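Working notes, structure below.
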2 protein chains.
Amino acid sequence: MTVVLVVDDDAAIRRTLGITLRARGYEVEPVADGRSALQSLAEQEPDVVVLDLGLPDLDGIEVLRRIRATSSVPVVVLSARQESDDKVEALDLGADDYVTKPFGMEELLARLRAAMRRAGAPVETVRAGDLVIDVDDRTVTRAGEAVHLTPTEWRLLEVLVRADGRLVRQATLLHDVWGPEYERETHYLRVYLAQLRRKLEADASRPEHLLTDPGLGYRFVP
Amino acid sequence: MTVVLVVDDDAAIRRTLGITLRARGYEVEPVADGRSALQSLAEQEPDVVVLDLGLPDLDGIEVLRRIRATSSVPVVVLSARQESDDKVEALDLGADDYVTKPFGMEELLARLRAAMRRAGAPVETVRAGDLVIDVDDRTVTRAGEAVHLTPTEWRLLEVLVRADGRLVRQATLLHDVWGPEYERETHYLRVYLAQLRRKLEADASRPEHLLTDPGLGYRFVP
DNA sequence: GCCGGGCGTCAAGATCGCGTCAAGAGCCGT
DNA sequence: ACGGCTCTTGACGCGATCTTGACGCCCGGC
């Protein structure tokens, strides 16, 4: 279970993030101030931290400094302020990303995933037979040979690999790879799955990793 | 029987959700305004509520506040893209999840199941002898072996399983699985019940779980 | 014993969804 | 402007699935 430490003095944001993240399958530890954040960091060992810079007790920048004194956990910073001074300082101190309020929930989720990805969280490289998929580097090798994927092919593979063997519905794939207005264009999936199979499977007509659930979606199994 | 209270002033959405949810074996209580919603909440005691925030009489937020005053029923909020303030407020007031319009039906169904599960609803796996039917995963195993069902076979089984041992009338099955214009086509039932029995029963000619009530309908008994 | 309605069974034809190929459009960098 | 790469779109074959018809069985009514 992936644990997210949410540090924000605004109760509405703590709850919004809490509910949203839990709905996506994360475990959430919400705290309201810097002191509690540092305490939770030590006790819970979260996989990623969401940190609001505007805190009542300690300055958010100071909290980040102390986090970095003891931990390399990925940190995504939230700030209401427009000035880029904080941003530069936060990134200098080792924040992994920076989101300005008001922010879209999907955007924040994407940044969190990206931060964890870069930090080498759960899925970093996946081995499947003679395939090696390095999610950080965006590289794929097959039997030692580098495989070239186009941007769209890669995004599709990434979504499937991150699902970790579970079914991903057609509408979800289309939404995540092509955008919300493409959710009914299943033709794309057929074309791109075929291309991925041709590049990744030993026998594209008998796929071992990129499997179809007819009428539902696709799944990647190592 | 799981009851879903659908609160939306848009008749098209009430109708779409009503048809889809009923087809999945839920009982649906559609209402158009907040006053009716609160009344239905008291009378029907639904298992989950789908609440549109943009209502004509009472503000959706106000409806949610009154729901929470008396009930802990899981609430999934529907919101238009622009109403992000409302969304935060709704989650703050105890909504369990939100879905932004326009939404995919499968996504909403998944959120509803997730919300009910978190609220402690019974896990939807049915065991019947050596059969295990997982309604969430859409999978069936028999003596440990995965059983492959076609989409129509699955929907039929799903409706029967959700009825929880009670008789389901022929017209109801036809309506829910094939659509309202098929309510007299009982031939389909004979064909598909035979297929299900062949796949699920030890001896298809002596069914133990998929039973016929001649002239009335069918029932699934564990 | 005969008949008819409801049910179960089988199988052929129609339809649907998926995989495949390839042509053309669009988008770079040179 | 050109060439190369990628994305989009249409056409088509194939297998799975659905639909439809034919037929046999059981049982109750006559």
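Within every chain, numbering begins at 1; the chains are lettered A, B, ... in the order of the sequence lines, protein sequences first and strands thereafter. Note that the structure is a prediction, hence the values are computed from the model and not measured.
The number of heavy atoms from other shown groups lying within 6.0 Å of CD (B/Glu43) is above 12. Around the CZ atom of B/Arg15, the shell of radius 6.0 Å holds no more than 12 heavy atoms that belong to other residues, nucleotides or ligands. Crowding of B/Glu181 atom CD: a count of heavy atoms from other residues, nucleotides or ligands under 6.0 Å exceeding 12. Atom CD of B/Glu45 sits in a sparse spot, with 12 or fewer heavy atoms from other residues, nucleotides or ligands closer than 6.0 Å.
Across all strands shown, A/Thr186 has no heavy atoms under 4.0 Å from either base or sugar-phosphate atoms.
Rounded to an integer number of Å, the gap from CG of A/Leu189 to P of C/dT20 is 14 Å. Summarising the geometry, the separation between CG on A/Leu211 and C1' on C/dC18 is reported as 14 Å, rounded to the nearest angstrom. Remark: C1' of C/dG19 and CG of A/Asp213 are 16 Å apart, rounded to the nearest angstrom. B/Gln170 has its CD atom 13 Å from the C1' atom of C/dG8, to the nearest Å. Counting to the nearest Å, the C1' atom of C/dT9 and the CG atom of B/Leu196 are 15 Å from each other. A straight line from CZ of B/Arg206 to C1' of C/dC7 spans 16 Å, rounded to a whole angstrom. In this structure, A/Leu156 atom CG and C/dG19 atom P are separated by 12 Å, rounded to whole Å. In this structure, B/Arg197 atom CZ and C/dT9 atom P are separated by 7 Å, rounded to whole Å.
Residue B/Asp134 holds its CG atom at 8.5 Å from OG1 of B/Thr141, rounded to the nearest 0.5 Å.
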*asked:* Within the 4.0 Å limit for protein heavy atoms, which parts of nucleotides 14-30 of chain D are touched? Write it as a string from 5' to 3', B for base, S for sugar-phosphate only, - for none.
replied: ---SBBBBB--------
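Between B/Tyr188 and B/Trp178, the ring planes are tilted. Angles from 30° to 60° get that label.
Comparing C/dG8, C/dC7, C/dT20 by their closest approach to the side chain of A/Ala194 singles out C/dT20.
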